[in-house]
Amino acid sequence: MNISRIAASALAALILLCLGWGAHADERILRYVSNIEVAQDGVLTVTETITVRSEAREIRRGIFRDLPLTAVGANGRSYRVGFKLLQVLQDGRPAPHFVRDSADGVRIYIGEENVFLQPGIYTYTIEYETDRQIRFIESYDQIYWNATGNEWNFPIDEAIARVVLPSGIRAIETTAYTGAFGSRDQFFEAGTEDDGNTVLFSTTQSLLAEEGFTIVVDMPAGSVARPTGAEELEYFLADFRLELIGGTGIVLVLFYYLWAWIKVGRDPAKGVIFPRFQPPANISPALAKYIENRGFGDGQWVALSAACLNLAVKKRLKLEDDDGDMTVSLLPEGRNGEAPGTGLPRGEAALEKWLSGRGSSLTLNEANGNSIQTLGSKFTGAIERESGGLYFKSNWTYLIPGVLLSLATFALLVFFGLLGSQQQEFVMLFLFFSVFATFFSAGLGALALGSLNFPLRLIFTLGFFALGMGIAATLANLITGALASMIAFPVSVAILVAINIVFFLIIDAPTTLGRKFLDEIEGLKLYLSVAEKERLNMSNMPDMSTVHFENLLPYAVALGVEKPWSKAFEGWLASAAGAAAAASYDPDWYSGRSFDARRVSDSVSATAGAMAGSFISSLPAPETSSSGSSSSGSSGGGGGGGGGGGW
């Protein structure tokens, strides 16, 4: 008896539990009816009747409907379409609603902020007009319409689409697609009404959340009036506004910069280059580096190394290599009692004064990183103050109008772009990859191609940049699946950036004096770097000697040709003094166990390279900051679409 009562109680509890589960139904779209009336002028009047079941969880005040305002033409290009909201109903009565514009289109909210629904079944009606939705193909006109959209947060039990064609028009072919975006499933049935003037589609199985129903109706060509010439022009200006704005901006910026370059950026004519056996008058090794490089750029520490070496050769400085750490020490006896910096070029004077003020030697290691940074600033500052505008002009003021034109073009692209979410994702990814493409092209152009003359260097740099941009666009396109029409914005920006970078690099120009010294420096570099067998063919060439070698060695270091110059001296030592005498060469400007007189070229190259490298490696690490971030067709392939949810 007790067992029977227990069993009965358990059965009752189970029944009540099942009833409770059934009462807690899910929120969903019970029926979705889309009525599309096609006017002869191509305007679609769409009435969507959406019946939902609310459990007051997501659908608390009502629903929202997202409608994209872009369509994709038969050529695969997306364009903006027209939209006009006619009425919004709830259960057959006018409903409170408001519309919010978005980058993709519009979002229609039905309901009121402070009015909450009771659980139940509600029917919402949205009626609107839209144009430019008809595809005009050579032999037929086509309606390719996403009747429900593929972005609903709820499943759809039943979807129906009714297409009413212009009076007297009959469909020549129909089809439909169901499922997630890109699906080619065809769980539908179709038929005609009104003597073939209306095509009726309905799904044969329910749609899950984010699945949609897309219908296709082909009509005879001419069923819908095609755009007039004036309308085609208007559409062209609207559809290609990014290309037109970007192209116009690029042409204006390019022509301005070409004018500016012709006016102030062209170098004076190059003189005849021939080997020069002495440095230009009053040009120190560091200044020779500054003039050749048209500024220090990344050659600051090479120039400082050459200045140290020049002071060492003058017996005013001593270089000591102690287990890999280079130490720079003043030799006061080299000044003959004169004040620090007396009788020296500006850069070397600043170096000697700074070391004298320090009161002790300077070891090139990380412990002295801040001191080395200060020394570098004082050294380069002294040379730049002395030489500013004397040997070349930066002409940076001519960049301002070009930059302003570029910024104006960018602002217009943003203002008129009306970019959707997919386009925005493409743009961000493209610009992200473009950063690497920019460094890739700039690095190869500046380093690997540095030995080429300017026209070839410019051509190769632009070629590398174009290759990098192509890779960036391909990667962004693969990730986002973006259409070709989306490329106009980032490509325009990339080209504008490239033009500004190129003219930033070439707008400066040597003065007449600068051109003269550039020619003389190039002639000196030619002499210092020439091979030994070619050196014998030079007329009036001075005899090699220890003094001659050491006097020109700082210039060889500054100009990056210390290896061949040391090799020439090494050969002279071996032939003129004999191997035994050559091995006794011991420069008094340097001391260290790594110096091998039998291999002067290797020792000098290692010393000069190690000094510049030591300056750089000793610098304090830059401060960094961190941040955190958190035909064929398919479902969703036509016009209309979007989705929605509850609010």
Novice: Quiz question: by atom type and distance under 3.5 Å, do the side chains of N500 and Y257 form a donor-acceptor pair?
Specialist: yes
Novice: Should we count CZ of R515 as having more than 12 external heavy atoms under 6.0 Å?
Specialist: yes
Novice: Just wondering, do N365 and N368 contact through their side chains at under 4.5 Å, heavy atoms?
Specialist: yes
Novice: Under the side chain to side chain contact (heavy atoms under 4.5 Å, CB included) rule, what do N395 and K263 come out as? Steps first, then yes or no, please.
Specialist: CA-CA 10 Å; N395 298 318; K263 181 177 176 64; over 6 Å; no
Novice: Would you say T374 and W354 make side-chain contact, with heavy atoms under 4.5 Å?
Specialist: yes
Novice: Test your reading of the model: is there a side-chain donor-acceptor pair from Y256 to the backbone of Y398, 3.5 Å cut-off?
Specialist: yes
Novice: Treating N150 as the side-chain partner and G179 as the backbone partner, does any N or O pair qualify as donor plus acceptor under 3.5 Å?
Specialist: yes
Novice: When rounded to the nearest 0.5 angstrom, what distance separates CG in L524 from OG in S529?
Specialist: 9.0 Å
Novice: Does the R107 side chain pair with the main chain of L67, one donor and one acceptor, at a distance under 3.5 Å?
Specialist: no
Novice: Restricting to non-hydrogen atoms, name the atom on F379 and the atom on A286 that form the minimum distance, rounded to 0.1 Å.
Specialist: CZ-CB, 3.5 Å
Novice: Do W565 and Y527 make the cut of ring centroids closer than 6.0 angstrom?
Specialist: yes
Novice: Could you go through V253 and I495, starting from their C-alpha distance and side-chain angles, then the distance that decides it, and tell me whether this counts as side chain to side chain contact (heavy atoms under 4.5 Å, CB included)?
Specialist: CA-CA 10 Å; V253 171; I495 293 175; over 6 Å; no
Novice: Around atom CZ of F504, are there more than 12 heavy atoms of other residues, nucleotides or ligands at under 6.0 Å?
Specialist: no
Novice: Aromatic ring centroids of F392 and F517 under 6.0 Å?
Specialist: no
Novice: Please report the shortest heavy-atom distance between E348 and S284, naming the atom on each side.
Specialist: OE2-CB, 4.0 Å
Novice: For residues 506-514, run the donor-acceptor check on the side chains, cut-off 3.5 Å, and write out each pair with its distance to 0.1 Å, sequence neighbours left out.
Specialist:
{"from": "T511", "atom 1": "OG1", "to": "L390", "atom 2": "O", "distance (Å)": "2.8"}
{"from": "T511", "atom 1": "OG1", "to": "Y391", "atom 2": "O", "distance (Å)": "3.2"}
{"from": "T511", "atom 1": "OG1", "to": "G514", "atom 2": "N", "distance (Å)": "3.0"}

Novice: Could you walk me through whether Y555 and I521 pass side chain to side chain contact (heavy atoms under 4.5 Å, CB included), step by step?
Specialist: CA-CA 9 Å; Y555 290 91; I521 290 169; over 6 Å; no
Novice: Using a 4.5 Å cut-off on heavy atoms from C-beta on, say whether the side chain of I143 contacts that of V216.
Specialist: no
Novice: In sequence, state the C-alpha distance, the side-chain angles, and the governing distance for L559 and E292, and then conclude on side chain to side chain contact (heavy atoms under 4.5 Å, CB included).
Specialist: CA-CA 8 Å; L559 301 177; E292 184 200 37; 3.6 Å; yes
Novice: Is there side-chain contact between L375 and L304, with at least one heavy-atom pair below 4.5 Å?
Specialist: yes
Novice: Please report the shortest heavy-atom distance between A306 and P285, naming the atom on each side.
Specialist: CB-CB, 4.0 Å
Novice: Just how far is it from atom CD of Q373 to atom CG of N370, taken to the nearest 0.5 Å?
Specialist: 6.5 Å
Novice: Can you tell me how far the CD1 atom of I108 sits from the CZ atom of F83, to the nearest 0.5 Å?
Specialist: 4.0 Å
Novice: State, yes or no, whether a side-chain contact exists between T248 and T409 at a heavy-atom distance under 4.5 Å.
Specialist: no
Novice: Given side chains that start at C-beta, do those of K393 and V264 come closer than 4.5 Å, heavy atoms only?
Specialist: no
Novice: Got a sec: does the CD of E384 have more than 12 other heavy atoms crowding it under 6.0 Å?
Specialist: yes
Novice: Below 3.5 Å, can you tabulate the donor-acceptor pairs from side chains in residues 266-283 to any protein atom, sequence neighbours excluded?
Specialist:
{"from": "R266", "atom 1": "NE", "to": "I262", "atom 2": "O", "distance (Å)": "3.4"}
{"from": "D267", "atom 1": "OD1", "to": "R294", "atom 2": "NH1", "distance (Å)": "3.4"}
{"from": "D267", "atom 1": "OD2", "to": "R294", "atom 2": "NH2", "distance (Å)": "2.4"}
{"from": "K270", "atom 1": "NZ", "to": "E522", "atom 2": "OE1", "distance (Å)": "3.2"}
{"from": "K270", "atom 1": "NZ", "to": "E522", "atom 2": "OE2", "distance (Å)": "3.3"}

Novice: Is S387 close to L287 at the side-chain level, that is, under 4.5 Å between some pair of heavy atoms?
Specialist: yes
